[in-house]
J.: 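My structure is below; once you've seen it, I'll send some questions.
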Amino acid sequence: MAASTDNQLSNGAGKGRVMRVRCVRGDRGATQVVAGIVSSLVVLHAGILVGPAWAVDPAVLEAEQKRIAVASRLAPSVVAIFARGGRGGGSGVLISPDGYALTNFHVTRGAGTFLKCGLNDGELYDAVIVGIDPTGDVALVKLLGRDDFPHALLGDSDTLKVGDWTFAMGNPFLLATDFQPTVTYGIVSGVHRYQYPAGTILEYTDCIQIDTSINPGNSGGPLFSAKGELMGINGRGSFEKRGRVNSGAGYAISINQIKLFMDHLRSGRVVDHATLGATVTTRDDGAVVVDGILDESEAYRRGLREEDEIISFAGRPVRSVNQFKNILGIYPKGWKLPLVFRRGEMRTEAMLRLRGLHRASELTGSPRPGKKPGKKPGKKPAPGKRPNTKKPPVAKPPEKYKHLHVKKTGFANYYFNQLEQKRTLRGMSQLGDFRQASGAWVLGGKSAGGGAFELTIADAGVGLSWKQKAFFQDLKAEPQDEPKGSGGLLYAMHLWRRFLARQSDGFGEFYYHGSEPLDGKGDRVDVMITELGNVRSRWYFARESGKLLGFDTQREEDTDECEVRLVGDQVIAGCHWPQKILVRSAGAAVGDLAVTSVMVKKGAAQ
């Protein structure tokens, strides 16, 4: 009967550790083999413990230190957002020293007008909602109490490439109760992604796909480049099959899209995205063609029809339906953008005013007229028990800040629109006191063709003598397209006088809209909107000087605008007047009027 024995071997490092090897007597070969293996392991183990340290590539250490430094530098700008009363929260990022911060619309929805925001300095700040974009899932809030907030620098998200390193920072699972943001690091997995609405109006267009880990609570937080520039706002992830845990596919709204909406958000409005008024599909040969179009859309009036091929939009080539949706989806309602389309061998270029994507009720969540919410099916309450229909109490706003919110239909916070109105209209006082010019205005001069014109703007009506014809708009009648094909120049001149002399007192609606490139190209200008009856006008102001550059007037919805541009400056009778009035409508020039004389008659402007 064979007996067994235990052979004890030291670990060779003097630590007293023992490795036991059990072998059978009489099998010396096996014993020698095992002993040899163990001896080799002992030598290797000793080499690891007492040999020279493994060298780390200096480049790896340098990259690590850079990541740590960037994360440390960015952390003060990251916001932990909490709804007042503890009803949820999310993340955000400061973008200006006076406290403006970006987050997701779905983070602020239901949280009320005022929120609580924590920064990594350990302080909890009050914040107020400014503007919201329900479609693009973006909200602008303003932190209060300081004018020297740390803030992120906006980058250019179009420079991102697949494989670029990124940081995501925020408050996943609301872990950042000490306001220290959670940091994750990963790469860009895709760019120019399109995410369809999922049971809501939220639509992620031209967004950034990342494998950088984001989870519930990261919503609204920043996506930074490796250099620390703000590239997007994290908002969506593929969680459906993973029980609300990140599955490696997250999506961020590009900062370049948000830049296009920034002034609209600062207007305090509930903003909408744009539509062309046409749908597209892919033809068998791969071309993107129109498969449906609204007859009342401007695209239809400029000649676009079904089966026409879309060549480019907003200056970008269109090669797929997804690409078309991505381009269209990043622009606000009301912008003018160029469209190039082809029918057979004929190529057409048109500048189009984009329609709104949604009804106002869809954006604000208001019920449609005539419809009452129905009862939802559910379990009946037990006998003797009444169902709990109480809603959670609405948290009261801070007393010292409650004046910072003003309610108005169509606005998230009209208070901030009032601020933007004052900023935009600051240059009006420099034009002179038009309130005193209450008599009829008579402007005379020559048109580009050499003929004389005389324009008279009075309270009763507007008359124009031009091209050996006389035109008249009775202001007691409906606005007319006079002269024909001008889009209603005479009524537009009446509104110009009204705007200069009365400003907000002269219109039913009067508000700051945002900014856009003038005529769809060039520098951005500030836009004021006025409404008088059915007539809607857009007034354009230079952003730096506040100078009035012109206006577009639409007599009624889905008609061509009268586009007026005011060129040059001359002082007559103490007021500033344009040297030229340029008029366009329906994409064509109507008139080029050089103003050489101005007379304001005394007394009532009859």
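Worth knowing before you read on, the calculation uses all heavy atoms, side chains too, and leaves out hydrogens, waters and symmetry mates. Nothing here was measured: the structure is a model prediction, and the numbers come from that model.
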J.: Mind checking whether Asn417 and Glu420 have side chains closer than 4.5 Å, heavy atoms only?
T.: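 Counting from C-beta outward, Asn417 and Glu420 never come under 4.5 Å.
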J.: Find the distance between CD1 (Ile457) and CE (Met493) and round it off to the nearest 0.5 Å.
T.: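 If we round to the nearest 0.5 Å, Ile457:CD1 and Met493:CE are 6.0 Å apart.
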J.: Could you check whether atom CG of Asp523 has more than 12 heavy atoms from other residues, nucleotides or ligands sitting under 6.0 Å from it?
T.: no
J.: Is there a side-chain contact between Phe510 and Gln503 in this structure, where contact means two heavy atoms from C-beta onward sitting under 4.5 Å apart?
T.: yes
J.: Ignoring hydrogens and angles, state whether a donor on the side chain of Tyr540 or Arg565 is under 3.5 Å from an acceptor on the partner side chain.
T.: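 No donor-acceptor contact under 3.5 Å links the two side chains.
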J.: Between Tyr511 and His513, what is the ring plane arrangement, given parallel below 30°, perpendicular above 60°, and tilted in between?
T.: tilted
J.: Looking only at side-chain N and O atoms, does Ser486 offer a donor or acceptor that is under 3.5 Å from a partner on Ser585?
T.: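 No - no donor-acceptor pair under 3.5 Å links their side chains.
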J.: Decide yes or no for Leu140 and Ile95: does some side-chain heavy atom of the first lie under 4.5 Å from some side-chain heavy atom of the second?
T.: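 Of all side-chain heavy-atom pairs linking Ile95 with Leu140, at least one is under 4.5 Å.
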J.: Would you check if the side chain of Arg269 reaches a backbone N or O of Val271 as a donor-acceptor pair within less than 3.5 Å?
T.: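 Between the backbone of Val271 and the side chain of Arg269 there is no qualifying donor-acceptor contact (under 3.5 Å).
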J.: Report yes or no: does Asp592 contribute a side-chain atom to a donor-acceptor pair with the main-chain N or O of Ser447 at less than 3.5 Å?
T.: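 Looks like no, no N/O pair under 3.5 Å.
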J.: Side chains of Ser96 and Asp98: any donor to acceptor distance under 3.5 Å?
T.: yes
J.: Just wondering, more than 12 heavy atoms not from Asn534 lying within 6.0 Å of its CG?
T.: no
J.: Measure up the Trp539 and Phe499 rings against each other and bin them: parallel (under 30°), tilted (30 to 60°), perpendicular (over 60°).
T.: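 Aromatic pair Trp539/Phe499 classed parallel.
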J.: Would you confirm whether Arg353, through its side chain, and Gly334, through its main-chain N or O, come within 3.5 Å as a donor-acceptor pair?
T.: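 Looks like yes, one N/O pair under 3.5 Å.
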J.: Does the plane of the ring in Phe313 sit parallel, tilted or perpendicular to the ring in Phe324? Use 30° and 60° as the thresholds.
T.: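 Tilted: the ring planes of Phe313 and Phe324 meet at 30° to 60°.
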J.: So with a 6.0 Å cut-off around CD of Glu478, is the heavy-atom count from everything else above 12?
T.: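 No - once you tally the heavy atoms of other residues, nucleotides and ligands closer than 6.0 Å, there are 12 at most.
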J.: For Asp133 and Gly136, indicate whether the former's side chain and the latter's backbone hold a donor-acceptor pair under 3.5 Å.
T.: yes
J.: Considering only heavy atoms from C-beta outward, does the side chain of Val138 approach that of Phe105 to under 4.5 Å?
T.: no
J.: Parallel, tilted or perpendicular: which fits the ring planes of Phe114 and His405, with parallel below 30° and perpendicular above 60°?
T.: perpendicular
J.: Can you confirm whether Lys580 is buried at NZ, in the sense that more than 12 heavy atoms of other residues, nucleotides or ligands lie under 6.0 Å from that atom?
T.: no
J.: Does a side-chain heavy-atom distance below 4.5 Å link Thr135 with Glu362?
T.: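 With C-beta onward as the side chain, the pair stays apart.
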J.: Going by the side-chain hydrogen bond (donor to acceptor under 3.5 Å, both in side chains) test, name the single residue among Glu561, Gln554, Glu516 that passes it with Arg538.
T.: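 Exactly one option meets the side-chain hydrogen bond (donor to acceptor under 3.5 Å, both in side chains) with Arg538, and it is Glu516.
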J.: Per the salt bridge (charged side-chain N to carboxylate O under 4.0 Å, His left out) rule, which among Arg266, Arg423, Lys422 passes with Asp526?
T.: Arg423
J.: Between Asn413 and Leu404, is there a donor-acceptor pair closer than 3.5 Å when you use the side chain of the first and the backbone of the second?
T.: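 Flag set: sc Asn413 to bb Leu404 pair under 3.5 Å.
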J.: For Lys408, does the NZ atom have more than 12 heavy-atom neighbours from other residues, nucleotides or ligands under 6.0 Å away?
T.: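 Above 12, so yes.
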J.: Report yes if some heavy atom in the side chain of Leu495 is under 4.5 Å from a heavy atom in the side chain of Val535; otherwise report no.
T.: yes
J.: Identify which one of Tyr331, Phe261, Trp335 satisfies the ring pair (Phe, Tyr, Trp, His ring centres under 6.0 Å) criterion when paired with His273.
T.: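 With His273 as partner, Tyr331, Phe261, Trp335 yield a single ring pair (Phe, Tyr, Trp, His ring centres under 6.0 Å), made by Phe261.
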J.: Counting only N and O atoms by type, is there a donor-acceptor contact under 3.5 Å from the side chain of Tyr512 to the main-chain atoms of Gly514?
T.: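 Yes: the side chain of Tyr512 pairs with the backbone of Gly514.
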J.: Looking at Lys333, Arg359, His358, which one forms a side-chain hydrogen bond (donor to acceptor under 3.5 Å, both in side chains) with Asp272?
T.: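 The single option meeting the side-chain hydrogen bond (donor to acceptor under 3.5 Å, both in side chains) with Asp272 is His358.
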